[in-house]
Amino acid sequence: MEPKKIQAPLTDEDVMNLKSGDNVLINGVIYTARDAAHKKLVELMDKGESLPIDLKGQFIFYVGPTPAKPGQAIGSAGPTTSGRMDAYTPQMLEQGMKACIGKGLRSQVVKDALKKHKGIYLAAVGGAGALLSKKIKKCEVVAYPELGAEAIHRLEVEDFPATVVNDAYGNDLYTEGAKEYAR
Amino acid sequence: MRELAASTISDHVAEMCEEANIYLGEDVFGLLKEALETEESPTGKEVLKQLIENVEIARDEQIPICQDTGFAVFFVEWGQEVHLTGGSLEEAINAGVKRGYDEGYLRKSIVTDPLYDRKNTGDNTPAVIYTDLVPGDKVKISFAPKGGGSENMSAVKMLKPSDGEAGFIDFVVNHVKAAGPNPCPPIVVGVGIGGTFDKVAVQAKKALFRHVGKSHPDSRFAKLEKTIKDKINDLGVGPQGFGGRTFALAVHIEDYPSHIASMAAAVNINCHACRHLERII
């Protein structure tokens, strides 16, 4: 099946048109955040303070890239394990985040929150950091530069490949995919 | 007595850090290409295609295969007729890691202490180093950058001798099943059996340094490796966990004699980027 082209940021309608198992190519602006940046964002939410980025409709990519070589937009940039962000994800969705990109299993709490807030979880191919870096055309730090690789980066992506794992209907590719090929 | 300068060790280590992170070994690369032929799932095939293209991009553009350029892990076999001059082995290896990770634009992923500050050391040191003293006048350095995602999916269990082969298989297969998509499949599964609590974990790590796909020299363990690999692939988890027939590229077992009361077992998982290199100096 041909991958679907999608444009960031996403509307509720965009989200509802995506199903678990869909291969997509993402275009537009996405943001990065992993463990340390999530912790800082959620601390601000808890205090009721404003965030350094507006999460409405946005994609968050869980990544800590390698340093860029001279002439490169970004170094190797594959997804990190998403489960470490589970504790923060429901609050991120409440603030308007529509999609997150990582790899690996999510908790039931996250899956429920995706349904409730109309969000999706996508996996990019873990360990394909060199290939994914080619899909990132521009990269700049927009918050927490002191975190280095863990800072929040604004990325401009072209045809960035990912697969929908958990959709807003409660489907889970990790469960259904394995069932189909188990013997 | 042969003399070897610490700076020579550092030079080799720095080169190895860059080389291992940019060029995937032909052993794993070959298995990925074989898997593309045999994988039944279309999504699984697409993942394998991306992984193969990724290895080629890394090689052609001299960039890391994966952004997680790992904890630097070394097994050193030091010939006892070699005298190291100009510094300690630990300092020499760490100096090489620092230089290799800096000059190679590799990610620095090590924090000072695990619980409190978690402040990045800034140069990917310290390395994890195992040293064996062996006969002869050569030094063999084996290096693997070990990614955190797959390392987190590892375990040690003190099985009972009465658990037998079936209990051992269950432990490994159930553990890998629970890890699912997290360690970036298709994976290489390092398994230790025997020894003490600590020894069995090191054996599992050592298993990941083996030429990927090479069987255990003892035919009984070689057969067991195949049995476990088939059971893992029959879970249907597939490349990246999207469903398919290629969950594990290889299972390697390293055994060690055991206490009469024990049957220690360990699983150490590596992602498809099973990067490892060795040099004999």
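Note that the structure is predicted; figures quoted are calculated from it, not measured. Chain letters run A, B, ... following the sequence lines, proteins first and then strands; every chain starts at 1.
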Problem set entry | Under 4.5 Å from any heavy atom of chain A - which part of Ala58(B) | both
For this session: Using non-hydrogen atoms and a 4.5 Å limit, figure out which bit of Lys108(B) sits close to chain A: side chain, backbone, both or neither.
Result: side chain
Problem set entry | Student check: side-chain heavy atoms of Val165(A) and Phe242(B) closer than 4.5 Å | yes
Exercise. So does Lys98(B) have more than 12 non-hydrogen atoms from other groups sitting under 6.0 Å from NZ?
Worked result: no
For this session: State, with a plain yes or no, whether a side-chain heavy atom of Tyr101(B) is found less than 4.5 Å away from one of Pro67(A).
Result: no
Exercise. Is Lys4(A) atom NZ crowded by more than 12 heavy atoms from other residues, nucleotides or ligands, each under 6.0 Å away?
Worked result: yes
Problem set entry | Interchain contact, Ala68(A) with chain B, by part (heavy-atom threshold 4.5 Å) | backbone
Exercise. Can you tell me how far CG of Leu131(A) sits from CD of Glu56(B), rounded to the nearest 0.5 angstrom?
Worked result: 10.5 Å
Seminar exercise, completed: When rounded to the nearest 0.5 Å, the distance separating CZ of Arg84(A) from CG of Asn182(B) is 9.5 Å
Exercise. Can you name the closest pair of heavy atoms from Cys66(B) and Gly127(A) and give their distance?
Worked result: SG-CA, 4.0 Å
Problem set entry | Over all atoms of both residues, closest heavy-atom pair of Pro181(B) and Tyr174(A) | CB-CE2, 3.4 Å
Exercise. Is there a donor-acceptor pair closer than 3.5 Å between any side-chain N or O of His272(B) and the backbone N or O of Ala128(A)?
Worked result: no
Exercise. Side chain to side chain contact (heavy atoms under 4.5 Å, CB included) between Asp68(B) and Thr80(A): does it pass, once the steps are laid out?
Worked result: CA-CA 8 Å; Asp68(B) 188 347; Thr80(A) 192; over 6 Å; no
Exercise. Should the heavy atoms of other residues, nucleotides or ligands under 6.0 Å from CD of Glu49(A) be counted, would the total exceed 12?
Worked result: yes
Problem set entry | Region of Ile65(B) that comes under 4.5 Å of a non-hydrogen atom in chain A | both
Seminar exercise, completed: Minimal heavy-atom distance between Val125(A) and Leu51(B), with the atoms involved, is CG1-CD2, 3.5 Å
Exercise. Take atom NZ in Lys231(B); do more than 12 heavy atoms of anything else shown fall under 6.0 Å from it?
Worked result: no
Problem set entry | Neighbour count above 12 (heavy atom, 6.0 Å) for Lys137(A) NZ | yes
Exercise. Highest number of heavy-atom pairs under 4.5 Å with chain B: which of Ala36(A), Ala77(A), Ala149(A)?
Worked result: Ala77(A)
Seminar exercise, completed: Between the OG1 atom in Thr163(A) and the CD atom in Gln240(B), the distance rounded to the nearest 0.5 Å is 8.5 Å
Exercise. Taking all non-hydrogen atoms of both residues, which atom of Gln67(B) and which atom of Gly78(A) are closest, and how far apart?
Worked result: OE1-N, 2.6 Å
Exercise. Which bit of Lys134(A) is near chain B, if near means a heavy-atom gap under 4.5 Å: side chain, backbone, both or neither?
Worked result: side chain
Problem set entry | Residues of residues 113-125 of chain B near chain A, each having a heavy atom less than 4.5 Å away | none
For this session: Please state whether the side chain, the backbone, both or neither of Pro161(A) comes within less than 4.5 Å of a heavy atom of chain B.
Result: side chain
Seminar exercise, completed: Here the pair of heavy atoms bringing Tyr181(A) nearest to Pro42(B) is OH-CD, 3.5 Å
Exercise. Side chains of Thr69(B) and Thr66(A): does their closest heavy-atom pair fall under 4.5 Å?
Worked result: yes
Seminar exercise, completed: Counting heavy-atom pairs under 4.5 angstrom with chain B, the leader among Gly104(A), Gly129(A), Ser76(A), Gly177(A) is Ser76(A)
Exercise. Quick one: of Gly244(B), Ala179(B), Gly149(B), Pro185(B), who has the most non-hydrogen atom pairs under 4.5 Å with chain A?
Worked result: Gly244(B)
For this session: Could you tell me which of Asn152(B), Val237(B), Ile63(B), Leu106(B) has the largest number of non-hydrogen atom pairs under 4.5 Å with chain A?
Result: Ile63(B)
For this session: Please look at Glu176(A) and chain B and tell me whether the side chain, the backbone, both or neither of the residue comes under 4.5 angstrom of a heavy atom of that chain.
Result: neither
Seminar exercise, completed: Residue from Ser109(B), Pro183(B), Cys184(B) scoring the most non-hydrogen pairs under 4.5 Å with chain A is Cys184(B)
Exercise. Side chain, backbone, both or neither: which part of Thr175(A) has an atom under 4.5 Å from a heavy atom of chain B?
Worked result: neither
For this session: Side-chain contact test, heavy atoms from C-beta onward, threshold under 4.5 Å: evaluate it for Lys69(A) versus Gln62(B) and give yes or no.
Result: yes
Exercise. Between Ala182(A) and Leu235(B), what is the shortest heavy-atom contact and its length?
Worked result: CB-O, 3.4 Å
Seminar exercise, completed: Heaviest contributor of heavy-atom pairs below 4.5 Å to chain A, chosen from Asp234(B), Asn233(B), Val47(B), Asn54(B), is Asn54(B)
